[in-house]
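Below: one structure, written as structure tokens.
Worth saying up front: this structure is predicted, and the values here are computed from it rather than measured.
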Amino acid sequence: MFLITPLQSAAVIAVNCVAAKAYVTLRYRWYVANRILGNWWRKLYILPDTSGIKELTDGHLKQDPTWKRVRATQLNEFEWTALCLPVCLYFASTNVDAGLACSLTAWSQVGYTLVRTHAGYPYHMPFAVLRYAGTVLCVKALYDTAFGNA
């Protein structure tokens, strides 16, 4: 269950990325924004413009601490997805045996996103460390593939 192929790892990372984006959009950019704007029962179908909502504006003092944590988690997740997803797809397309490395990056990405979003610091740290380890193993496999084992 833990060890999956690089292609399966890429799929897990991609699904995690889309799920994180959907969560933020539905919870904050739709539900919370409509509630703040008073659209909750009248215009529920609207995805409002959140740029004028101070509680959801970057750097605003009234910004909700949960929103800060969730948004920071989402941004961090996207940064790592941009690195891990292409590497796993490359390994899958070239049949490089990097199952452990890709599995670590995929499962730690999911764990980091879920735990940091809902529990915050310091509970997400084991997943962050595992993600670094998986990424280092991916870079090592990529280096070995590019320059040989010599």
Distance, nearest 0.5 Å, that separates [atom1] of [X] from [atom2] of [Y]:
X	Y	atom1	atom2	answer
Q74	T81	CD	OG1	10.0 Å
S9	Q109	OG	CD	11.5 Å
L137	D144	CG	CG	10.5 Å
L3	L104	CG	CG	8.0 Å
T73	K68	OG1	NZ	13.5 Å
I53	R35	CD1	CZ	10.5 Å

Please lay out, stage by stage, how C138 and C102 fare under the test side chain to side chain contact (heavy atoms under 4.5 Å, CB included).
CA-CA 7 Å; C138 281; C102 290; 4.2 Å; yes

Check whether [X] and [Y] end up in the same hydrophobic cluster, where Ile, Leu, Val, Met, Phe, Trp and Tyr are linked by side-chain heavy atoms less than 4.5 Å apart.
X	Y	result
L100	W80	no
Y23	W30	yes
L7	I13	yes
V70	I36	yes

Kindly assign one of parallel, tilted or perpendicular to the pair Y28 and W67, based on the angle between their ring planes and the thresholds 30° and 60°.
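Rings of Y28 and W67: tilted, 30 to 60°.
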
I'd like to know if the side chain of Y31 pairs up with that of R27 as donor and acceptor (distance under 3.5 Å, no hydrogens or angles considered).
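Judged by distance alone, the side chains do not pair up.
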
Measure the shortest side-chain to side-chain distance between [X] and [Y] over non-hydrogen atoms and say whether it is less than 4.5 angstrom.
X	Y	result
R29	V24	yes
Y90	S93	yes
L89	P6	no

Does the pair R131 and N76 meet the rule for a side-chain hydrogen bond (donor to acceptor under 3.5 Å, both in side chains), with working shown?
CA-CA 12 Å; R131 188 169 56 185; N76 187 275; 2.7 Å; yes

Think R116 forms a cation-pi with F127, using NZ or CZ under 6.0 Å from the six-ring centre and within 45 degrees of its axis?
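Pair R116/F127 does not count as cation-pi.
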
Between [X] (side chain) and [Y] (backbone), is there a donor-acceptor pair under 3.5 Å?
X	Y	answer
W107	F2	yes
S103	I4	yes
T5	Q8	yes

Which atom of S108 lies closest to which atom of T105, heavy atoms considered
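That closest heavy-atom pairing would be OG-O, 3.3 Å.
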
Considering non-hydrogen atoms only, spot the tightest contact between L83 and V87 and give its length.
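Between these two residues, the closest heavy atoms are O-CG2, 3.3 Å.
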
Passing option when E77 is tested against T113, T117, N16 for side chain to side chain donor-acceptor pair (under 3.5 Å):
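Single side chain to side chain donor-acceptor pair (under 3.5 Å) partner of E77 among T113, T117, N16: N16.
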
OH/Y132: more than 12 non-hydrogen atoms of other groups inside 6.0 Å
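No - once you tally the heavy atoms of other residues, nucleotides and ligands closer than 6.0 Å, there are 12 at most.
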
CA sep, side-chain torsions, deciding dist, call: T25, K21, side chain to side chain contact (heavy atoms under 4.5 Å, CB included):
CA-CA 6 Å; T25 298; K21 179 63 178 165; 3.8 Å; yes

